[in-house]
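The next block holds one structure in the form of structure tokens; read it before the comments.
Predicted model, so just to flag it, every value in this text is computed and none were measured. Lettering follows sequence order; numbering is per chain, from 1.
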Amino acid sequence: MTTPADNTFYVTTPIYYVNDKPHLGHVYTTMVADVVARYHRLRGDDTFFLTGVDEHAAKVSDKAAEYDLSPQEWADQNAAAFRGTFEKLEMTNNDFVRTSSQRHKDKVTEYVSALLKSGDVYEGEYVGWYDAGQEEYVPENKAKDNDYKSEVNGKPLVKKTEKNYFFKLEKYRDDLLAFYAERDLAGKGYVQPEARKNEVVNRIKEANDIPISRTGSGGWGIPVPGDEEQTIYVWIDALFNYLTYVDDDERRHYWASGATHFIAKDILWFHAAIWPALQMALSKCDGYAWVWGEGVQQNQLVYSHSYWVSESGEKMSKSLGNFLDPAAIDNYVEEFGLDALRYFLATRGPLGTTDSAFSPDLFVEVYNSDLANTFGNSCSRVSNMIGKYFDAKTPSRQDAKVQGVTFNAETQIQSILPGSNSAFNACNLAGPANNALILVREVDSYIEKTEPFKLAKDPEKIDDVGAVLGNCIEALRIASVLLWPFIPDKCEAFWSRIGCGHYAEQLKDNGTGDLEAWVKWGQLKPGTPIEKGEALFPRYQVEKKP
RNA sequence: GGGGGCGUAGCUCAGUGGUUAGAGCACGGGACUCAUAAUCCCUUGGUCGCAGGUUCGAAUCCUGCCGCCCCUACCA
């Protein structure tokens with residue numbers, strides 16, 4: 001597990017379909033990317049985090065027509081909704097993709113022109129089952145399931161032939177398989193988690209050329225260069241967003257470092273096969289060799305997470321009415337705070353190959369045990385004792401061993417950091433968060449063993465009390481640094497209370513921190529004022545059910 | 001139909017060939033009072049979906065079955 005050698009980090013989310021309303025699925029992927037982006041900024045990496053919306057599809061212009069709006073007006077409205085949601089959730093994306101932007105359209109046109117010239121995109125014929133009523137093609141299996149009749153109006157489907165532009169995916173089978181093998185050999189699979197890879201590899205072996213243009217988009221979309229009748233298929237248009245928004249002199253180094261693409265499992269094929277093949281093809285065109293450079297080949301990866309499902313295990317969907325919509329998400333933020341939502345989603349979410357149930361009970365349980373009772377409470381009790389016994393100033397600390405008890409946290413920290421680093425590189429978020437909590441639990445355990453609140457009653461032992469509390473506040477400071485990617489607002493509040501406001505100052509506006517220096521033992525200077533303040537995470541009282 | 005994945009304590013999950021399978025939460029007992037009725041210590045709890053096989057040894061590898069899920073050319 002290597003990090004980009006040049007300390008540059010580029011992370012993306014899919015661009016979200018603009019006809020949708022932002023829901024838990026969108027929020028989850030974006031939040032995961034945000035936690036990872038924040039971690040990289042914290043450790044000082046030059047980080048670029050990209051999210052946005054996909055606007056080009058015939059259904060977008062159809063929907064716009066329903067509301068008597070132009071496609072652009074409709075897209076503007078919904079793009080604003082996504083942007084607003086992400087801003088409210090304090091996502092730290094460095095830019096926001098809109099595929100209807102001139103920048104994107106110009107670049108995609110350039111890329112496709114180059115591909116046309118190279119011969120990897122050619123004119124061909126697409127044959128498929130066409131539903132005239134719906135004006136769309138029906139996949140073979142679906143057509144068969146419905147006895148080759150329209151699912152909607154029951155009329156027979158028509159075998160229709162259409163002129164389309166095709167991408168020579170088949171030609172790249174071997175290159176893709178070789179690429180996968182190389183990455184496996186290097187110990188950093190292109191597709192993660194590992195379990196997702198096999199299905200892709202098998203499918204690549206049988207991959208055929210794919211149509212990358214459509215007709216009948218009603219002028220909404222990016223025309224195929226030199227053939228205004230045809231529109232570039234939205235998926236191809238969309239994939240290129242990862243490139244179009246960093247294809248300039250200031251940002252190209254992000255691309256070169258190899259992107260980390262967070263996606264949900266349903267869109268794996270596009271990212272795992274079509275996307276790298278497009279990059280390979282484009283890199284053979286004049287002036288585009290950098291698109292498939294060494295850093296890209298070594299570090300670009302696709303992380304495919306699973307779904308949030310309802311408590312009973314069903315897929316969340318509008319039709320089932322178990323959908324966590326923007327209002328429901330707002331309610332959680334209102335009740336528990338944004339950090340609580342971030343923490344829960346990041347540490348209990350479906351990052352692996354299994355779906356996770358979104359359970360309100362579990363949410364409360366995790367909030368109370370991890371955030372209120374552990375981190376929040378420990379901060380309170382330590383700063384309270386410092387306030388009581390040391391006039392709210394950091395006591396000076398002499399020794400790790402007080403009253404015959406050795407404080408383990410100091411040595412633990414040295415082992416936690418490398419573990420957390422490799423966990424983040426493997427896109428494991430639960431591990432690093434838990435590591436920080438282990439540190440906090442160690443503080444609580446240490447307090448029980450040394451009983452500073454008892455020692456404080458004997459004036460002769462005040463130095464020992466100082467040593468104990470000095471150890472505690474220092475360990476909590478380090479824990480808060482480790483927790484910042486997950487619960488940034490509360491950590492920043494804590495920092496301002498313990499004289500570490502400069503951390504927040506440095507990280508503000510997507511600035512970078514210095515993780516390694518900040519987690520070194522002994523940064524808090526004796527005499528620094530400590531403020532107890534309100535509870536960081538007030539315990540949530542569960543109503544007792546009869 | 002084809003391809004792939006998942007199934008570990010009541011709950012959420014670690015654990016991919018090697019000593020008596022782990023953590024957090026929940027439950028039970030005890031301690032403490034600095035703290036958000038918070039904390040700490042100890043205990044309880046699993047035929048690792050089921051059945052075979054490979055191996056000195058399997059939750060871990062192979063086969064079959066059961067359950068759930070993903071993909072299989074146009075809604076990211």
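B:rG5 sits 15 Å from B:rU60 when the P atoms are compared, rounded to a whole Å. With both ends at atom C1', the span from B:rG52 to B:rU20 equals 27 Å, rounded to whole Å. The separation of B:rC6 from B:rU63, taken at their P atoms, amounts to 13 Å, rounded to a whole angstrom. If you take atom C1' in B:rG45 and the same atom in B:rA9, they sit 6 Å apart, rounded to whole Å. With both ends at atom P, the span from B:rA26 to B:rC48 equals 27 Å, rounded to whole Å. Rounded to whole Å, the P atom of B:rU19 lies 38 Å from the corresponding atom of B:rA31. B:rG53 and B:rC71: their P atoms are spaced 37 Å apart (whole Å). Taking atom C1' in both B:rU47 and B:rA21, the straight-line distance is 13 Å, to the nearest Å.
For A:R203, the side chain to side chain contact (heavy atoms under 4.5 Å, CB included) partners are A:W269, not counting sequence neighbours.
Within 4.0 Å (heavy atoms only), A:S356 reaches sugar-phosphate atoms of the nucleic acid but no base atom. Within the nucleic acid shown, A:I210 has no heavy atom closer than 4.0 Å to any nucleic acid atom. Across all strands, A:P211 comes closer than 4.0 Å to base atoms (heavy-atom distances). Within 4.0 Å of A:W235, counting heavy atoms only, lies at least one base atom of the nucleic acid. A:Y233 comes within 4.0 angstrom of a base, heavy atoms only.
Atom pair A:L351:CG and B:rU12:C1' shows a separation of 14 Å (rounding to whole Å applied). Atom pair A:Y343:OH and B:rC25:P shows a separation of 11 Å (rounding to whole Å applied). Going from atom CG of A:L362 over to atom P of B:rC11 covers 12 Å, rounded to whole Å. Here B:rC71 presents its P atom at 8 Å from NZ of A:K265, a figure rounded to the nearest Å. The distance between atom OH of A:Y303 and atom C1' of B:rG5, rounded to the nearest whole Å, is 13 Å. Here B:rC6 presents its C1' atom at 9 Å from CG of A:D355, a figure rounded to the nearest Å. The interatomic distance linking A:F270 (CZ) with B:rC70 (C1') rounds to 14 Å, in whole Å. If you take CG of A:D370 and C1' of B:rA26, they are 14 Å apart, rounded to a whole angstrom.
Rounded to the nearest 0.5 Å, atoms OH (A:Y389) and CG (A:L455) are 9.5 Å apart.
Using Watson-Crick or G-U wobble geometry with both donor-acceptor distances under 3.5 Å, B:rC50 finds its partner in B:rG64. Base pairing annotation: B:rC56 forms a Watson-Crick or G-U wobble pair with B:rG18, both donor-acceptor distances under 3.5 Å. Pairing of B:rG1, defined by two Watson-Crick or G-U wobble distances under 3.5 Å, is identified with B:rU72. Using N1 to N3 plus N6-O4 or O6-N4 for Watson-Crick, or N1-O2 and O6-N3 for G-U wobble, each under 3.5 Å, B:rG10 pairs with B:rC25. Using the Watson-Crick or G-U wobble rule with both distances under 3.5 Å, B:rA31 pairs with B:rU39.
The listed nucleotides are B:rU12, B:rG24, B:rC70; the one nearest the side chain of A:R348 is B:rU12. The listed nucleotides are B:rC69, B:rC75, B:rC71; the one nearest the side chain of A:Y17 is B:rC75. Of all nucleotides listed (B:rC71, B:rG5, B:rA76), B:rG5 comes nearest to the side chain of A:R196. Distance from the side chain of A:A238 is smallest to B:rA76 among B:rC71, B:rC75, B:rA76.
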Does the protein touch nucleotides 32-41 of chain B at the base, only the backbone, or not at all? Give it as B, S and - per nucleotide, heavy atoms under 4.0 Å. SSBBB-SBSS
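Summarising the geometry of A:R497 relative to A:L536, their closest heavy-atom pair is NH1-CD2, 3.8 Å, with the distance given to 0.1 Å. Closest approach of A:P22 to A:A81, counting heavy atoms only: CG-O, 4.0 Å.
Test A:Y367, A:F358, A:Y343 against A:Y332 for ring-ring contact (aromatic ring centres under 6.0 Å, His included) and you get one pass: A:F358. Of the options A:W308, A:F537, A:F486, a ring-ring contact (aromatic ring centres under 6.0 Å, His included) to A:F344 is made by A:W308 and by none of the others.
Of the charged side-chain nitrogens involved, at least one lies within less than 4.0 Å of a carboxylate oxygen, so that A:D76 and A:R98 count as a salt-bridged pair.
Geometrically, A:K197 does not engage A:Y180 in a cation-pi contact, judged by NZ or CZ lying under 6.0 Å from the ring centre and within 45° of the ring axis.
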Show your reasoning for whether side chain to side chain contact (heavy atoms under 4.5 Å, CB included) applies to A:Q403 and A:K461. CA-CA 10 Å; A:Q403 295 286 306; A:K461 292 186 174 153; 4.3 Å; yes
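Aromatic stacking is not marked for A:Y126 over B:rA73, as the cut-offs of 5.5 Å for the centres and 30° for the planes do not both hold.
Ring geometry for A:H104 versus A:Y245: interplanar angle of 30 to 60°, hence tilted.
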